[in-house]
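Step one of this worksheet: look at the structure below.
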Amino acid sequence: MDPEAFRALAEGLPEDDPNAVLAIHPDLIPASRLAPLIERAGKPGFVVVDMTDLDDFAATETAPVPDSPLYLLHGAERGDEYRNLSGPEAAEALGERGRSPLTVNEGISLLLHRPEWLEPNFCFMTIGSRLKKDKGFDSRTPAIWISGGTGRDGAENRDAPKVGWCWWNNRHTWLGFASAASRTP
């Protein structure tokens, strides 16, 4: 798609909401292609090598993504107050507040708008995306954090944005759960 056609997709979107985030639908650009567009410390984002199925993670019913190539997220939050909760606990807490968890594409879109929201000890999971299995969901959930440059990440990725996964039932003191108040096509 040429730049003019891409810009035309955003025509008519409201401009009076300073906290809105323009989200890119995974049918337009999948998460694996968006991840390298995130930048931190002069380094592009990357997807961990053991998550070759990232683009198969789809929006859940708790993250109703509009059927539109681009859409707005309203009231996006990084979810710092949910750090050290498990996925099920965070999902319940978000639901009680009437909020919806972000999908991995939405989390990347958020960081394309606000790269400063990715900082040490304040990163987030995107539990609005899950991989459907025959019986329920895969126990991995997408998350976005900062690479330490160790192991399979490689030293060259130290301080780069990292799209990876965490176990649904695990708790992490440094991972919140990103969410939005609503979505507008």
Side-chain angles (χ1 to χ4, degrees), residues 21-38 44-71 73 76-79 82-97 99-112 117-118 123-148 150-154 157 160-183 185:
V21 171
L22 184 62
I24 301 168
H25 195 285
D27 287 347
L28 181 62
I29 305 175
S32 65
R33 289 192 44 220
L34 279 180
L37 301 177
I38 311 169
F46 69 99
V47 179
V48 296
V49 297
D50 62 348
M51 198 166 189
T52 57
D53 56 356
L54 174 64
D55 295 336
D56 296 330
F57 282 70
T60 66
E61 61 189 33
T62 62
V65 172
D67 187 21
S68 174
L70 300 175
Y71 56 95
L73 295 172
E77 295 178 353
R78 186 169 58 188
Y82 304 113
R83 291 186 305 167
N84 211 30
L85 294 183
S86 67
E89 293 165 337
E92 182 178 342
L94 290 169
E96 288 171 358
R97 285 186 56 210
R99 297 188 60 81
S100 175
L102 293 192
T103 67
V104 66
N105 265 58
E106 292 169 345
I108 293 170
S109 295
L110 171 67
L111 292 174
L112 290 173
W117 278 25
L118 189 64
C123 302
F124 56 88
M125 294 179 71
T126 54
I127 62 172
S129 291
R130 301 290 306 275
L131 180 60
K132 191 97 165 121
K133 294 286 192 173
D134 290 336
K135 295 181 180 180
F137 292 102
D138 190 295
S139 57
R140 299 171 298 156
T141 59
I144 306 171
W145 69 95
I146 301 164
S147 173
T150 59
R152 292 185 287 180
D153 287 0
N157 284 322
K162 175 178 179 173
V163 179
W165 57 270
C166 295
W167 299 118
W168 173 249
N169 287 308
N170 281 12
R171 293 182 174 92
H172 299 281
T173 58
W174 49 276
L175 281 178
F177 290 82
S179 68
S182 64
R183 294 167 176 85

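Below, each value reflects all heavy atoms present in this structure, side chains not excepted, and no hydrogens, waters or symmetry copies. None of the values given here were measured: they were computed from a predicted structure.
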Working for side chain to side chain contact (heavy atoms under 4.5 Å, CB included), residues W174 and W145: CA-CA 9 Å; W174 49 276; W145 69 95; 3.5 Å; yes
What is the distance from atom CG of L111 to atom CD1 of I38, rounded to the nearest 0.5 Å? 5.0 Å
What heavy-atom pair brings N170 and H172 nearest, and what distance separates the two atoms? CB-NE2, 3.9 Å
Report, as yes or no, whether the 6.0 Å neighbourhood of atom CZ on R97 holds more than 12 heavy atoms from other residues, nucleotides or ligands. yes
Checking R171 against N84 for the side chain to side chain contact (heavy atoms under 4.5 Å, CB included) test, could you report, in this order, the C-alpha distance in whole Å, the side-chain angles of both residues, the deciding distance, and whether it holds? CA-CA 5 Å; R171 293 182 174 92; N84 211 30; 3.6 Å; yes
So, for N105 and P26, which heavy atoms are closest and what is the spacing to 0.1 Å? ND2-CA, 3.4 Å
Looking at P142, is its backbone amide N or carbonyl O close enough to the side chain of T126 to form a donor-acceptor pair, meaning the two atoms are under 3.5 Å apart? yes
Ion pair R140/D53, N-O distance below 4.0 Å: yes
Taking the six-membered ring of F46, is the NZ or CZ of K162 close enough (under 6.0 Å from the centre) and on axis enough (within 45°)? no
Test item: V163 and V48 side chains (from C-beta on) under 4.5 Å apart, heavy atoms: no
Is there a side chain to side chain contact (heavy atoms under 4.5 Å, CB included) between D138 and W165? Walk through the geometry before answering. CA-CA 11 Å; D138 190 295; W165 57 270; over 6 Å; no
Say you draw a straight line from CE of M125 to CH2 of W168; how long is it, rounded to the nearest 0.5 Å? 7.5 Å
Separation between SG (C123) and CG (L118), nearest 0.5 Å, reads 4.5 Å
Separation between NZ of K135 and NZ of K133, rounded to the nearest 0.5 Å: 13.0 Å
Correct closest heavy-atom pair for L73 and A180 would be CD2-CB, 4.1 Å
A quick test of your reading: do over 12 heavy atoms of other residues, nucleotides or ligands sit less than 6.0 Å from CG of D50? yes
Identify the heavy atoms of I144 and V104 that sit nearest to each other, and give their distance. CD1-O, 4.5 Å
Can you confirm whether Y71 sits close enough to E106 that some side-chain heavy atom of one is under 4.5 Å from a side-chain heavy atom of the other? yes
Does one side chain, of N157 or S147, offer a donor that lies under 3.5 Å from an acceptor on the other? no
Yes or no on side chain to side chain contact (heavy atoms under 4.5 Å, CB included) for L37 and I108, after CA distance, side-chain angles and deciding distance? CA-CA 9 Å; L37 301 177; I108 293 170; 6.0 Å; no
Please round to the nearest 0.5 Å and tell me the distance separating atom NZ of K132 and atom CG of D56. 14.5 Å
Taking atom CG of L85 and atom CZ of F177, what is their separation to the nearest 0.5 Å? 6.0 Å
Checking the side chain of T141 only, and the main-chain atoms of C166 only, is there a donor and an acceptor separated by less than 3.5 Å? yes
Output yes when a side-chain donor or acceptor of R78 lies under 3.5 Å from a complementary backbone atom of W117, and no otherwise. yes
Is it true that a side-chain atom of T103 and a backbone atom of S129 form a donor plus acceptor pair closer than 3.5 Å? no
Using every non-hydrogen atom in the two residues, find where D55 and A31 come nearest and quote the distance to one decimal. OD1-N, 3.3 Å
Would you check if N169 and P88 make a side-chain contact, meaning some heavy-atom pair closer than 4.5 Å? yes
Note: G148 and D153 closest approach over all heavy atoms is N-OD2, 4.4 Å
